[in-house]
Amino acid sequence: MHTSGAHLLAMHQAMLGALGPSGWWPADSAFEVVVGAVLTQNTSWKNVEKALTALNTAGVLSGPALLALPEEVLARHIQPAGHFRVKAKRLRNLLVWLEDRCGFDLDQLALQPLDTLRQDLLTVKGVGPETADSILLYALGLPTLVVDAYTARILHRHGLVPEDVRYGELQEYCMDRLPQDVALYNEFHALVVRVGNSCCKKRTPQCAGCPLEAFL
DNA sequence: TTCCAGTACA
DNA sequence: TGTACGGGAA
């Protein structure tokens with residue numbers, strides 16, 4: 001029986017009621033979501049915004065333009081996002097994949113079955129499960145849930161999962177207990193990140209006034 | 001000065 | 001299983 005099923009959905013509703021809709025992903029286009037998904041690896045969104053702005057200002061925020069850049073020039077543009085040399089490689093890997101699979105036509109990509117598309121995405125060096133799911137959900141609108149360090153920390157502190165839970169197990173835990181709904185998956189992860197940043201901080205949790213305080 | 005957040009590879 | 005990759009903000 002799933003008492004914790006109602007629990008996780010109730011947590012979602014509590015976060016939504018307290019914080020309001022998030023309007024994620026914060027990007028102007030699906031392509032920008034893809035770029036942002038790589039840039040935000042292990043990095044706060046604040047720094048990613050600086051990098052995206054730099055790419056926009058340089059007029060290279062498109063697949064062909066980014067692929068035409070020498071890797072070191074690309075790296076310099078995305079420098080504010082950190083890990084910029086490795087991310088320049090990862091971004092190029094993903095751009096090559098996108099060009100090959102769909103010629104940068106993301107709508108066409110979204111026509112493929114979710115499972116095979118996800119497996120295919122994971123073959124790209126630099127695209128792990130979180131980046132893949134971010135692209136699938138936020139750029140392509142496909143029904144997969146993004147989980148991350150915030151999700152693990154919040155659910156662990158509420159006694160729902162082990163501290164060192166693996167990505168796949170955490171994702172399965174959540175998806176088993178939430179309605180299969182793209183809009184809900186979209187909002188759930190956005191709310192988790194907001195709560196993780198503002199209340200459920202790693203070192204100094206601010207439980208007083210947290211939307212999830214009643215669930216402790 | 002310390003803290004934070006994914007992925008690949010040894 | 002541990003380490004490299006790097007920045008911006010507390």
Side-chain angles (χ1 to χ4, degrees), chain A residues 22 24-27 32-58 66 69-98 117-140 144-157 161-175 185 188-210:
Chain A
S22 308
W24 272 31
W25 182 293
E32 213 176 296
V33 173
V34 172
V35 176
V38 171
L39 294 183
T40 199
Q41 290 171 357
N42 221 44
T43 300
S44 76
W45 186 254
K46 217 37 184 158
N47 299 347
V48 175
E49 278 185 329
K50 297 178 193 302
L52 286 174
T53 298
L55 293 174
N56 228 337
T57 301
L66 284 175
L69 290 180
E71 193 170 298
E72 60 270 24
V73 174
L74 174 57
R76 204 183 64 231
H77 279 121
I78 65 176
Q79 180 257 354
H83 302 291
F84 52 87
R85 292 180 188 87
V86 63
K87 283 179 182 175
K89 285 184 171 56
R90 291 174 179 181
L91 204 42
R92 281 191 61 87
N93 292 341
L94 182 54
L95 292 168
V96 167
W97 182 90
L98 272 180
L117 189 55
R118 188 175 192 274
Q119 285 310 306
D120 197 13
L121 255 179
L122 289 173
T123 65
V124 179
K125 292 299 178 211
V127 175
E130 184 180 339
T131 305
D133 287 327
S134 296
I135 291 168
L136 293 167
L137 176 61
Y138 289 106
L140 305 183
T144 189
L145 181 67
V146 179
V147 296
D148 62 356
Y150 296 121
T151 320
R153 189 161 70 224
I154 292 170
L155 267 54
H156 169 64
R157 284 177 175 167
V161 300
E163 184 170 22
D164 58 350
V165 64
R166 287 177 174 283
Y167 185 95
E169 287 153 358
L170 179 59
Q171 183 187 44
E172 183 178 18
Y173 177 91
C174 294
M175 291 182 72
Y185 289 165
F188 179 80
H189 178 245
L191 289 166
V192 162
V193 172
R194 292 167 71 195
V195 167
N197 272 315
S198 62
C199 301
C200 209
K201 302 167 185 293
K202 187 175 177 73
R203 294 294 279 234
T204 59
Q206 323 263 314
C207 300
C210 173

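To find a chain, count down the sequence lines: A is the first, B the second, and so on, and within it residues start at 1. Small disclaimer: the values here were computed from a predicted structure and weren't measured.
- Shown here are the side-chain contact (heavy atoms from CB on, under 4.5 Å) partners of A:Thr57, two or more places apart in sequence or in another chain: A:Thr53.
- For the pair A:His83 and A:Val124, nearest-nucleotide mapping onto DNA chain B gives the more 5' position to A:His83.
- One finds the NZ atom of A:Lys125 at 14.5 Å from the CH2 atom of A:Trp97 (value rounded to the nearest 0.5 Å).
- Using a 4.0 Å heavy-atom cutoff across all strands shown, A:Lys46 reaches no nucleic acid atom at all.
- In this structure, the CD1 atom of A:Ile135 is 13 Å from the C1' atom of B:dG6, given to the nearest Å.
- The CG atom of A:Leu98 sits 11.5 Å away from atom CG of A:Asn93, with the distance rounded to the nearest 0.5 Å.
- Protein chain A contacts DNA chain C from C:dC5 to C:dA9, reading 5' to 3' and using non-hydrogen atoms of the protein with a distance under 4.0 Å.
- Among the atoms of the strands shown, none is found under 4.0 Å from any heavy atom of A:Thr40.
- A:Val146 and A:Leu137 get closest at one heavy-atom pair: CG2-CD2, 4.0 Å.
- In this structure, CG of A:Leu94 is placed 12 Å from P of B:dT7, rounded to the nearest angstrom.
- If you measure from atom CG of A:Leu122 to atom C1' of B:dT7, you get 11 Å, rounded to the nearest angstrom.
- When atom types are taken as modelled, the side chain of A:Gln41 and the backbone of A:Gly126 share a donor-acceptor pair closer than 3.5 angstrom.
- Closest-nucleotide positions on DNA chain C for A:Arg166 and A:Gly82 were compared, and the one nearer the 5' end corresponds to A:Arg166.
- Separating the CH2 atom in A:Trp45 from the OG1 atom in A:Thr40 is a distance of 6.0 Å, to the nearest 0.5 Å.
- Here A:Arg85 lies in heavy-atom contact (under 4.0 Å) with sugar-phosphate atoms only.
- Computed from coordinates, the A:Asp133 CG to B:dG6 C1' distance equals 13 Å when rounded to whole Å.
- Taking the C1' atom of each, C:dG6 and B:dT1 are spaced 16 Å apart, rounded to whole Å.
- Here the P atom of nucleotide B:dC4 and the CD1 atom of A:Ile154 are 14 Å apart, to the nearest Å.
- A:Ser44 comes within 4.0 angstrom of no nucleic acid atom, judged by non-hydrogen atoms across all strands.
- Atom NZ in A:Lys202 sits roughly 10 Å away from atom C1' in B:dC3 (whole-Å rounding).
- Within the 4.0 angstrom heavy-atom criterion, base atoms lie near A:Ala81.
- Classified by interplanar angle (parallel below 30°, tilted 30° to 60°, perpendicular above 60°), the ring pair A:His189/A:Trp24 is perpendicular.
- Between A:Lys125 atom NZ and B:dA8 atom P there is a gap of 6 Å when expressed in whole angstrom units.
- No contact: A:Tyr167 has no heavy atom under 4.0 Å from any strand.
- Counting to the nearest Å, the C1' atom of B:dT7 and the CG atom of A:Asn93 are 12 Å from each other.
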